[in-house]
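Scroll down for the structure; my scribbles are underneath it.
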Amino acid sequence: MRIAAVLQDRCQHRKCNRECINFCPKMRTGVEAIVIGEKGKPIISEELCVGCGICVNKCQFGAIKIIGLADELRTEMVHHYGENAFRLYRLPVPKKGIVTGILGPNGIGKTTAIKMLSGIEIPNLGNYQDPPSKDEVLQHFAGTELYDYLSSVYKSNVRTAMKPQYVDKLPQSMTGVVRDLLSRVQERMKVEEAAEMFELTDVLDRGLDKLSGGELQRVAIAATLMKDADVYFFDEPSSYLDIYQRVKMARHIKELSEEKQVVVIEHDLAILDFLADNVNVVYGTEGAYGVFTLPRQVRTAINVYLDGYLPEENIRFRERPIEFTSSPPRNEWNTGTLLSYDTLEKDFKGFRMKVNGGDIRIGESVGIVGPNATGKTTFVKMLAGVIEADKGKIDTKVKVSYKPQYISGDTEGTVKDLLYSAAFDTVRSGFFQGEVINPLGIGHLMEKAVRTLSGGELQRVAITLCLAREADIYLFDEPSAYLDSNQRMNAAKTIRRMMEKSGKSGMIVDHDIYFLDMVSDSMMVFGGDPGHEGTGEGPFSMREGMNRFLRAVDITFRRDADTRRPRINKPESRLDREQKSAGEYYYAAN
C-alpha cells in the first residue's frame with residue numbers, strides 16, 4: 001500500500017518551479033498523476049503514482065512524502081483528514097487499574113487519538129468526504145475491545161476528563177482567578193485539598209494570566225483530577241514542571257489509576273517509565289501518517305522505541321538506535337579553566353539567591369538541576385551578562401552564546417533570514433549542516449516565517465541559533481521544552497557532539513533526566529525555598545551532583561540492563577532501599 005502526503009505548511013508553491021510536476025515520469029508520459037489544486041498546491045493521485053520518489057527528492061522544501069505501508073494496515077485506518085493529508089491507523093484502548101501510556105513523536109496523531117477516545121472527535125474510517133455515523137463506526141469495530149469502549153462513550157455512559165496539551169493557552173480561553181476555575185470542578189475533592197496537593201495555595205487568588213507555565217500546568221492537572229470521571233486523559237503533564245513536581249504528579253496519577261482508567265501522553269521517558277504500566281508506541285511520519293502498535297509492558301515499549309525497531313511487525317522506524325553511556329562520565333577534567341566566578345549573590349526583594357564560587361573548564365558540559373524558582377535561570381543570565389550580581393564577580397573575558405528559557409517568535413522574516421543574519425558563514429558550512437541543521441530537522445523550516453513556528457520548531461531554531469554563534473561557552477536554558485522524546489535525544493546528542501568536536505564548554509539547565517544524562521559531564525545543584533531563597537553549588541562530578549540532587553528528591557535510579565538508560569526505582573522497593581543505604585542514587589548497574 002502506498003500513501004502520498006503533501007505537507008501544506010511546508011509547500012511554498014509560489015517560490016518553486018513545480019519540480020514535483022516537471023520531473024514526474026508519469027506526467028511526462030501524459031498521465032496526470034499530479035494536478036494543481038484550488039489553493040495552488042499539488043494533489044498527488046495515489047492510484048497513479050508509481051512510487052519512484054523523484055518528486056520527494058526534487059521538492060526543495062521537503063513538502064512531499066511518498067510512503068509504502070504494509071497492506072495489512074489498509075483495513076485499520078481510523079481517520080483521514082483529506083486528500084494527501086494525514087491519516088491515522090489503530091487506536092489504543094484504556095483499561096481500568098493501569099496507566100496506559102502513549103509514546104511517539106509530535107505530529108503523528110497522539111492528541112487526535114485521545115480526542116477520539118474522549119468522544120470529542122468521531123473517526124471517519126478513511127471516508128473524509130462522507131463521514132460515517134457513530135453507529136457505523138461501532139459496527140466497524142464490532143467484536144473488539146474498542147467497540148465496548150466507544151459504545152459506552154457514545155451512549156454517554158462514560159464520563160471523561162482531559163488535561164489539555166497547551167496549558168499556556170488557558171488564560172486565553174478562561175478568565176478569573178485560580179479559585180474560580182477550581183471551584184467549578186470540585187467533585188472528587190475540595191479546592192483547598194487540591195491546592196495543598198499541588199502547592200497552589202499561594203496562587204488561589206491570582207489571575208490565570210499572571211501564572212507561570214509550571215503554575216498553569218499544576219492548575220490544569222488539579223482541575224482534571226478534581227473531576228469525577230471514569231476515564232482521565234493527561235496530554236503531556238510534565239511540561240514546565242521541575243523533577244520534584246514531575247515525580248509528585250506521577251504518584252498522584254498512579255494513585256488515580258487504581259480506581260479509574262487513565263491514559264497519558266508523555267515525552268519525558270524517565271517519568272513515563274515511572275508512571276505507566278502499559279505503553280502504546282506510535283510510529284509514522286510527521287504530518288503524513290501515524291500507526292499505534294499493540295500495548296507493551298512499559299520497559300519493553302521504551303526499549304523498543306529507543307532501538308527504533310518493532311520485531312513483531314519487522315518495521316524499523318529509526319535509522320539508528322538511541323544509546324546511553326553505560327558508565328558514569330569521568331570525574332575530573334585535565335583541561336584548563338575557561339571561566340571562574342566568585343560567590344554570587346542577588347536580591348530581588350522577595351527572592352534571594354546565592355551561588356557558591358566555582359570554575360568551568362574548557363570543553364566541559366555542565367548540567368544544572370534543581371526545583372523551579374530557586375535561581376537557575378538567574379545564574380545563567382548572570383553568566384550571559386543579562387543580569388548583574390549584587391555581590392561577586394564573573395570572569396567576563398570569555399565570549400558567551402545564550403539561549404533563553406522563554407523564546408519569542410515575534411521576529412520578522414524567515415528562519416533562513418534569522419540564522420543567516422546571525423552567522424551566515426557558519427550556517428552555510430558543511431560541518432554545521434551535517435552536525436546541527438540536519439540532525440535537528442531545520443532544513444525544511446528555512447523558508448517558514450518565524451512567527452508561524454510551533455513551540456517545538458521555535459525551540460530547535462533557538463538551539464541552532466545559539467550553536468551558530470561564535471563563542472567560548474554556550475548557555476542553554478531548558479532546551480528540551482516543547483520537544484518530543486525523539487527530538488530531545490537528537491538535541492542532546494547535537495549539543496554534546498558540538499561541544500566535543502569544537503572543544504567549547506556548555507551549561508545546560510533542564511528537568512529531563514535522560515536529556516541531562518546524555519549531554520552532561522558534571523553537575524551544578526540548586527536548592528532552597530522556591531520563590532523565596534535559592535542556593536547553587538558545584539560543579540560536582542556527575543555522580544556526586546546527581547546523588548546530591550536525587551537525595552533531595554528522594555528517588556533513586558538504576559540502569560536498564562539492555563539499553564543502559566536511567567530508570568526510576570519504585571519507592572521502597574528492594575533496589576530503592578539498597579541504593580539509598582549505600583548513598584548511590586543514580587549509577588547503580590541494574
Side-chain angles (χ1 to χ4, degrees), residues 106 110-111 114-115 118 161-186 188-227 229 232-253 256 264-268 271 275 350-351 370-374 376-377 404-410 453-456 458-459 477-484 509-512 530-532:
N106 286 333
K110 302 186 302 299
T111 299
I114 64 174
K115 284 182 179 179
S118 62
M162 181 186 293
K163 199 289 294 180
Q165 179 181 11
Y166 299 110
V167 294
D168 52 334
K169 295 182 179 179
L170 281 178
Q172 301 172 18
S173 57
M174 298 181 182
T175 57
V177 299
V178 174
R179 188 185 300 274
D180 295 338
L181 171 62
L182 297 183
S183 295
R184 299 174 202 155
V185 292
Q186 50 181 345
R188 293 181 65 245
M189 62 183 83
K190 297 295 184 182
V191 171
E192 290 71 20
E193 184 183 352
E196 184 176 351
M197 181 183 290
F198 288 98
E199 301 174 7
L200 295 169
T201 305
D202 293 340
V203 300
L204 277 177
D205 297 306
R206 191 181 299 173
L208 291 172
D209 58 340
K210 305 297 182 183
L211 300 183
S212 67
E215 289 165 342
L216 282 171
Q217 185 70 275
R218 283 180 280 142
V219 167
I221 295 172
T224 306
L225 283 172
M226 289 172 71
K227 295 176 182 176
Y232 293 80
F233 298 95
F234 295 89
D235 199 344
E236 299 186 27
S238 74
S239 300
Y240 300 105
L241 301 184
D242 62 39
I243 185 64
Y244 296 82
Q245 295 162 344
R246 292 183 185 196
V247 172
K248 194 172 186 178
M249 168 274 297
R251 286 172 175 161
H252 288 314
I253 292 178
L256 176 70
V264 179
I265 296 174
E266 184 52 68
H267 294 306
D268 185 330
I271 294 299
L275 171 63
F351 174 75
N372 284 333
T374 53
K376 302 184 303 295
T377 295
Q405 178 181 11
Y406 297 108
I407 310 162
S408 173
D410 293 336
L453 298 180
S454 67
L458 198 58
Q459 185 72 267
D477 199 346
E478 297 197 25
S480 76
Y482 302 107
L483 302 184
D484 64 41
V509 178
D510 214 278
H511 298 298
D512 188 314
H532 299 96

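We count residues from 1, following the sequence as given.
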Q. How close do Pro371 and Tyr244 get, heavy atom to heavy atom, and via which atoms?
A. CG-CE1, 3.1 Å

Q. Which heavy atom of Leu483 sits nearest a heavy atom of Gly456, and at what distance?
A. CD2-O, 3.5 Å

Q) Who passes salt bridge (charged side-chain N to carboxylate O under 4.0 Å, His left out) against Arg246, sequence neighbours left out? A) Asp268

Q | Residue pair Val219 / Leu211: nearest heavy atoms and the distance that separates them | A | CG2-CD1, 4.0 Å

Q. Does the Tyr482 side chain pair with the main chain of Ser454, one donor and one acceptor, at a distance under 3.5 Å?
A. no

Q) So, for Ala220 and Val167, which heavy atoms are closest and what is the spacing to 0.1 Å? A) CB-CG1, 3.7 Å

Q: Using a 4.5 Å cut-off on heavy atoms from C-beta on, say whether the side chain of Asp512 contacts that of His267.
A: no

Q: Could you tell me which residues satisfy ring pair (Phe, Tyr, Trp, His ring centres under 6.0 Å) with His532, sequence neighbours excluded, listed by chain and number?
A: none

Q) Are any side-chain N or O atoms of Gln245 and backbone N or O atoms of Asp242, one a donor and one an acceptor, separated by less than 3.5 Å? A) yes

**Q.** Nearest atoms (heavy-atom pairs only) where Gln217 meets Tyr240
**A.** NE2-CD1, 4.4 Å

Q) If you look at every heavy atom in Ser480 and Asp510, which pair is closest and at what distance? A) OG-OD1, 2.7 Å

Q. Is there a donor-acceptor pair closer than 3.5 Å between any side-chain N or O of Arg179 and the backbone N or O of Val191?
A. no

